[in-house]
2 protein chains.
Amino acid sequence: MARSTHVRRPATLASLAAELGVSRTTVSNAYNRPDQLSPELRRRVLETARRLGYPGPDPVARSLRTRKAGAVGLLLTENLSYAFRDPAALGFLEGLALACEGAGQGLHLVPVNPEREDVASVHRAGVDGFVVYSVPDDDPHLAAVLSRPVPTVVADQPRVDGVDRVGIDDRGAITALAGRLIALGHRRVGVICMRLARDRNDGFVTVERADSAHFHVQRARLAGLADAFGGVGVDWSRVPVVERFDHSVASGASAAAQLLDADPHVTALVCTSDILALGALAEARRRGLRVPQDLTVTGFDGIADAERVGLTTVRQPVLEKGRAAGKLLLASPDPTRPREITLDTEFVPGATAAPPRTAEERWFGP
Amino acid sequence: MARSTHVRRPATLASLAAELGVSRTTVSNAYNRPDQLSPELRRRVLETARRLGYPGPDPVARSLRTRKAGAVGLLLTENLSYAFRDPAALGFLEGLALACEGAGQGLHLVPVNPEREDVASVHRAGVDGFVVYSVPDDDPHLAAVLSRPVPTVVADQPRVDGVDRVGIDDRGAITALAGRLIALGHRRVGVICMRLARDRNDGFVTVERADSAHFHVQRARLAGLADAFGGVGVDWSRVPVVERFDHSVASGASAAAQLLDADPHVTALVCTSDILALGALAEARRRGLRVPQDLTVTGFDGIADAERVGLTTVRQPVLEKGRAAGKLLLASPDPTRPREITLDTEFVPGATAAPPRTAEERWFGP
DNA sequence: AATTGGTTCTGAACCGTTACGGTCAATCCA
DNA sequence: TGGATTGACCGTAACGGTTCAGAACCAATT
């Protein structure tokens, strides 16, 4: 019997109503408003539903009628695996998922085909709103999201007119960190950063490229460094900046190698993420450079592994950021005045920063 | 002008058609079948759409008509944060996300309210199928998923009639690992496992509880250990098994402490996950026990941190598992013969297993 | 001149549900 | 006893699309 229901046309609210001789409204009420019909009738409805193999109101039809999908769309950067391997992104995802769960909303990961610029998936997503996390400024998917008539929250992205936003003060935070290095005496530094645009450029970065970076976060952090070092008379255009497309420890190591090969006299490597900094640490170790005596290394994010090795870095509340994005989206949106949440960051002194060795020390030991 | 569209009732396919003086079909075709109308008319349609602020066909209405939601539902265990912190679960999630992305399907994380047994979220999810990952056998959400008339794949779960499944041979794999320990001479062992049921039990586990565990994976692994040690005459009912509700390194450490306090003579700690094993290693270190000379510790999963410390364990292809689940679901399902994929595992010798010390060695050194 | 074929567009049916505004009888209150 | 209230249920009209079988038209072929 149960088998046959799979063969024949599946039951609907209407067919169930017909079978019972009641109106569709009543069947609907049996599921959604038990107080609107007698317990006895409701029991009959539910029992008949079971007998006919009716699985309950169709979620899509319900969504159409109620204009609620019960889900939040999440637009991540083009490479999904990136998000799953980056602790900061993961923390954000977790926070967002928690917020959604708390509100009983689903979280719909929008598929982004890395190959084609296929924006259709954004249009196809049946969601009540979008969260956009750290995509390039010119990402067509972002544009597609903004064209949809649903509330949106951007995170780790530049401001968008009429759209809520959550983030941190990337620029200020890294300026403060750089201030510490400056106070320690560092003037000759190198920078290692994540990818700045959608095209691949594993190597040195021109000032123009840094200024026009398509990733808000990286652009802001580089600008913060320019602020700090420029402020003490360092010629920012001469500071070596090495970019890596892949965000991995190995990338950080190879970037450090490239940078130290090109300029062995840098006293500090400032990395725009902890992951990259961990790679830089590995490369320093490989070269027999002691950290922090011979070389200062700093990161950004405050991930667990960084804490484990005592990295000097900036901690940002990634989970809280995700949660805030979710709350912002799920709270009744106010289109007249887009809200903006900037979360606090915290400098983590760590143990990988120290005053630079003097030239004499370099050659003759401390 | 653009503002006003937000105020008045938003444009629909029908209103757009009316404005243009064409049929709804034609507008629909402009979006979905460009070859069905003249380029000129299509241009006009799209331009008018822009002018009227029409964001393109509504995804929900389209889903209702086409009976395709373009998304896959994922049912995870009740505690979302758990999934985001467990590398094995994360690997599965990544693999599944990749499979979905490759097929242009969204991935809809179903919210599971840990408080109430609220199954409504399962009924509300507009998806074309479900993946159920490692939930308790008696989880009402699982039952709700099975009641929905969509294809389903279970992973790390017991077989369900008529439902595709993907997993590994947990029982066989851990039996093999135990065989190595037995060959090394271990007979007096302790076991540390993850939670076995939905209720909290941080402490020792009775044979009944182990046998009736609600989590398939844990049950299978314990059964595998019973097979192996029972096979060489060890009285399984006397083997101490300690359970922890939270799956964390700290839990592993406290479980190890509890176990070693209760039975200081165990020569090996067999853990049902690497995370727990890492905790056991930490506790051993804290007690000044050398691993593997004084104590053998083994894990399960083959996570990156385990490899880093040279843990003796079993590696399972978690990413591949997720990907396989996605492929199985997205491939045209064959309801007549549910498919089952069992992925291979690999024993990782590592460096945390060695022959037990003899009693003399214990007291007088090797 | 009739047939064929191709393009372009239309009309009507359908997808499965819920919101809204009722009706009708039974019950309550003074 | 009569008017108001309450409980239980119903009919209709959306919700916003897609689809399929044609209609209308024109050009090319027989």
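These numbers come from the heavy atoms of this one structure, side chains and all, not from hydrogens, waters or symmetry mates. Letters go in sequence order (proteins before strands), and every chain restarts at 1.
- In this structure, L13(A) reaches the bases: a heavy-atom distance under 4.0 Å links it to at least one base atom across the strands shown.
- Between R43(B) and E40(B), at least one side-chain N (NZ, or NE/NH1/NH2) sits under 4.0 Å from a carboxylate O, which counts as a salt bridge.
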Distance-only donor-acceptor hits, side chain of residues 91-104 of chain B, under 3.5 Å, sequence neighbours excluded:
| residue | atom | partner | partner atom | Å |
| --- | --- | --- | --- | --- |
| E94(B) | OE2 | S81(A) | OG | 2.7 |
| E94(B) | OE2 | R85(A) | NE | 3.4 |
| E94(B) | OE2 | R85(A) | NH2 | 2.9 |

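- To the nearest angstrom, C1' of dT7(C) lies 17 Å from CZ of R42(B).
- For S23(B) and T26(B), the side-chain atoms include at least one donor-acceptor pair closer than 3.5 Å.
- Within 4.0 Å of Y31(A), counting heavy atoms only, lies no atom of the nucleic acid at all.
- Taking atom CD of residue E40(A) and atom P of nucleotide dA8(D), one finds them 12 Å apart after rounding to whole Å.
- Applying the 4.0 Å criterion to OP1 and OP2 of dG11(D), one finds that S23(A) has every side-chain N and O outside that range.
- Residue L37(B) holds its CG atom at 10.0 Å from OG of S28(B), rounded to the nearest 0.5 Å.
- The heavy-atom pair separating V45(A) from A30(A) by the smallest distance is CG1-CB, 3.7 Å.
- Across the protein-nucleic acid pair, R124(A) atom CZ and dT18(D) atom P stand 10 Å apart, rounded to whole Å.
- Considering all non-hydrogen atoms of both residues, A83(A) and L76(A) come closest at CB-CD1, 3.8 Å.
- Annotation for P59(B) and R124(A): closest pair CB-O, 3.4 Å, computed over non-hydrogen atoms.
- At a threshold of 4.0 Å, the pair E47(B)-R44(B) does not count as salt-bridged, since none of the basic side-chain nitrogens sits closer than that to a carboxylate oxygen.
- DNA chain D is contacted by L64(A) of residues 55-64 of chain A, taking any non-hydrogen atom closer than 4.0 Å.
- Rounded to an integer number of Å, the gap from NE2 of H123(B) to P of dT17(C) is 12 Å.
- At whole-Å resolution of the value, CG in L16(B) and P in dT18(D) are 12 Å apart.
- Within the nucleic acid shown, T26(B) comes within 4.0 Å of at least one base atom, counting heavy atoms only.
- For R44(B) and dT8(C), the CZ to P distance is 14 Å, given to the nearest whole Å.
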Pairwise N/O distances under 3.5 Å, protein to nucleotides 19-28 of chain D:
| residue | atom | partner | partner atom | Å |
| --- | --- | --- | --- | --- |
| dT19(D) | OP2 | R33(B) | NH1 | 3.1 |
| dT19(D) | O4 | T25(B) | OG1 | 2.8 |

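- Closest approach of F215(B) and R195(B) over heavy atoms only: CD1-O, 3.5 Å.
- For D35(A) and dT6(D), the CG to P distance is 14 Å, given to the nearest whole Å.
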